[in-house]
Amino acid sequence: MSRIRADLARRDSALAEAHAVTPPLEWRHRPGGFAGLVRMIVEQQVSVASAEAVWRRLNEGMGAVTPDLVLAHDAEALRGMGLSRQKAAYAHGLARAQLDGTIDFEGLSALDDAEAIAALVALKGVGLWTAEVYLMMCEGRLDVFPGGDIALQEAIRWADGADARPDQKAAYSRAEVWRPYRGVAAHLLWAWYVGVKSGQIARLT
């Protein structure tokens with residue numbers, strides 16, 4: 001990953017500062033499958049601390065997050081473990097989708113990025129950002145870029161010295177130059193953004 005990000009910085013000087021000030025980092029890999037996708041839904045629109053608390057309660061309450069166990073708990077039971085009514089419905093829908101073969105998590109690896117994204121966003125509760133981040137973090141896909149991510153958009157603004165943050169369409173367009181390693185660029189930009197916001201990294205410009 002270090003070699004790839006150094007090459008990206010050479011190819012696009014706008015990434016030079018991010019590369020220069022951000023310490024070496026590992027790929028942000030997470031377990032995938034049914035539980036991995038449910039966890040990403042848990043994390044939607046809540047703080048990291050809140051998501052971790054809910055995820056812990058789900059595992060403690062059910063013993064494990066599997067399709068059968070999720071369906072064995074009605075919406076009220078899932079709400080009692082911290083899920084909103086909407087997210088409980090999404091979890092039930094995902095469980096049914098896996099059990100009836102609508103989604104084959106193991107088979108996703110045989111699909112190209114566009115096909116895999118399409119298979120995931122066809123599931124209720126899974127938007128484009130969730131699908132893209134799942135494929136990046138759970139399958140380690142190197143060229144997936146979540147252009148709708150606000151932190152990435154802001155980091156792109158910093159890198160380009162722009163006055164306005166790019167919207168999703170503009171972020172996707174900007175990332176084209178980073179193919180076939182847009183995912184590595186995303187990891188670098190995320191790490192830079194988090195480091196600056198936390199005060200651990202000082203911006204040079």
Side-chain angles (χ1 to χ4, degrees), residues 1-33 35-37 39-40 43-44 48 51 104-121 126-205:
M1 187 169 179
S2 295
R3 178 190 59 79
I4 293 172
R5 76 177 233 185
D7 181 61
L8 287 169
R10 284 192 295 269
R11 285 165 45 194
D12 185 348
S13 59
L15 293 180
E17 180 185 341
H19 176 63
V21 300
T22 304
L25 62 147
E26 298 296 325
W27 190 266
R28 294 163 70 175
H29 183 74
R30 295 172 55 168
L37 190 55
R39 184 167 187 174
M40 289 192 174
E43 294 171 345
Q44 291 172 349
V48 171
D104 175 12
F105 288 104
E106 292 184 3
L108 283 177
S109 60
L111 305 178
D112 65 27
D113 293 342
E115 293 169 335
I117 288 170
L120 289 169
V121 298
V126 180
L128 183 58
W129 180 90
T130 300
E132 289 167 333
V133 174
Y134 176 91
L135 293 174
M136 284 180 65
M137 295 188 178
C138 299
E139 293 206 343
R141 298 197 182 212
L142 298 180
D143 197 37
V144 176
F145 188 87
D149 188 89
I150 299 299
L152 287 183
Q153 293 172 0
E154 183 66 3
I156 290 172
R157 184 182 74 80
W158 294 351
D160 288 339
D163 293 329
R165 188 175 69 215
D167 61 14
Q168 179 171 298
K169 182 178 180 181
Y172 283 131
S173 178
R174 180 65 181 84
E176 282 297 308
V177 71
W178 303 325
R179 286 183 181 272
Y181 298 114
R182 292 178 300 165
V184 177
H187 274 66
L188 171 58
L189 291 169
W190 266 329
W192 185 38
Y193 177 86
V194 171
V196 170
K197 286 297 185 180
S198 67
Q200 296 176 347
I201 295 175
R203 286 187 61 191
L204 302 178
T205 58

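If you're wondering where the values come from, they're calculated on a predicted model, not measured in any experiment.
Classification of the W158-Y193 ring pair by plane angle, with boundaries at 30° and 60°, yields parallel. By the 30° and 60° cut-offs, the orientation of the rings of F145 relative to W178 is tilted.
Contact check for D149 versus E132: no side-chain heavy atoms found under the 4.5 Å cut-off. Contact of the F105 side chain with the L37 side chain is registered, since non-hydrogen atoms from C-beta on lie closer than 4.5 Å. L189 is listed as a side-chain neighbour of L15, based on a closest heavy-atom distance under 4.5 Å. Residues I150 and R165 form a side-chain contact, since some pair of their non-hydrogen atoms from C-beta on lies under 4.5 Å apart. The shortest distance between side-chain heavy atoms of M1 and E26 does not fall below 4.5 Å. Within the 4.5 Å cutoff, no side-chain heavy atoms of P166 are placed close to those of R174. Looking at R5 and H187, their side chains never come closer than 4.5 Å, going by heavy atoms from C-beta outward.
Here CD of Q153 is found 11.5 Å from CZ of R157. Values are rounded to the nearest 0.5 Å. Atom OH of residue Y134 and atom CD1 of residue I117 lie 13.0 Å apart, to the nearest 0.5 angstrom. Expressed to the nearest 0.5 Å, how far CH2 of W192 lies from CD1 of I156 amounts to 10.5 Å. One distance of note links CZ of R30 with CE of M136; it measures 11.5 Å at 0.5 Å rounding. Taken from NE2 in H19 to OG in S13, the straight-line distance is 13.0 Å, to the nearest 0.5 Å. Annotation: the span from S109 atom OG to L135 atom CG amounts to 10.5 Å, rounded to 0.5 Å.
Closest heavy-atom contact between L8 and A185: CD1-N, 3.8 Å. Residues Q44 and T130 share a closest heavy-atom pair of NE2-OG1, 2.8 Å. Scanning all heavy atoms of the two residues, the minimum distance from L108 to E139 falls at CB-OE2, 3.2 Å. Closest approach of Q168 and G148 over heavy atoms only: OE1-CA, 3.3 Å. Closest heavy-atom contact between A51 and E43: CB-CG, 3.6 Å. The minimum heavy-atom distance between A191 and I201, with the atom names listed, is O-CD1, 4.1 Å.
Shown are L188, V196, V194; of these, the side-chain contact (heavy atoms from CB on, under 4.5 Å) with T22 is made only by L188.
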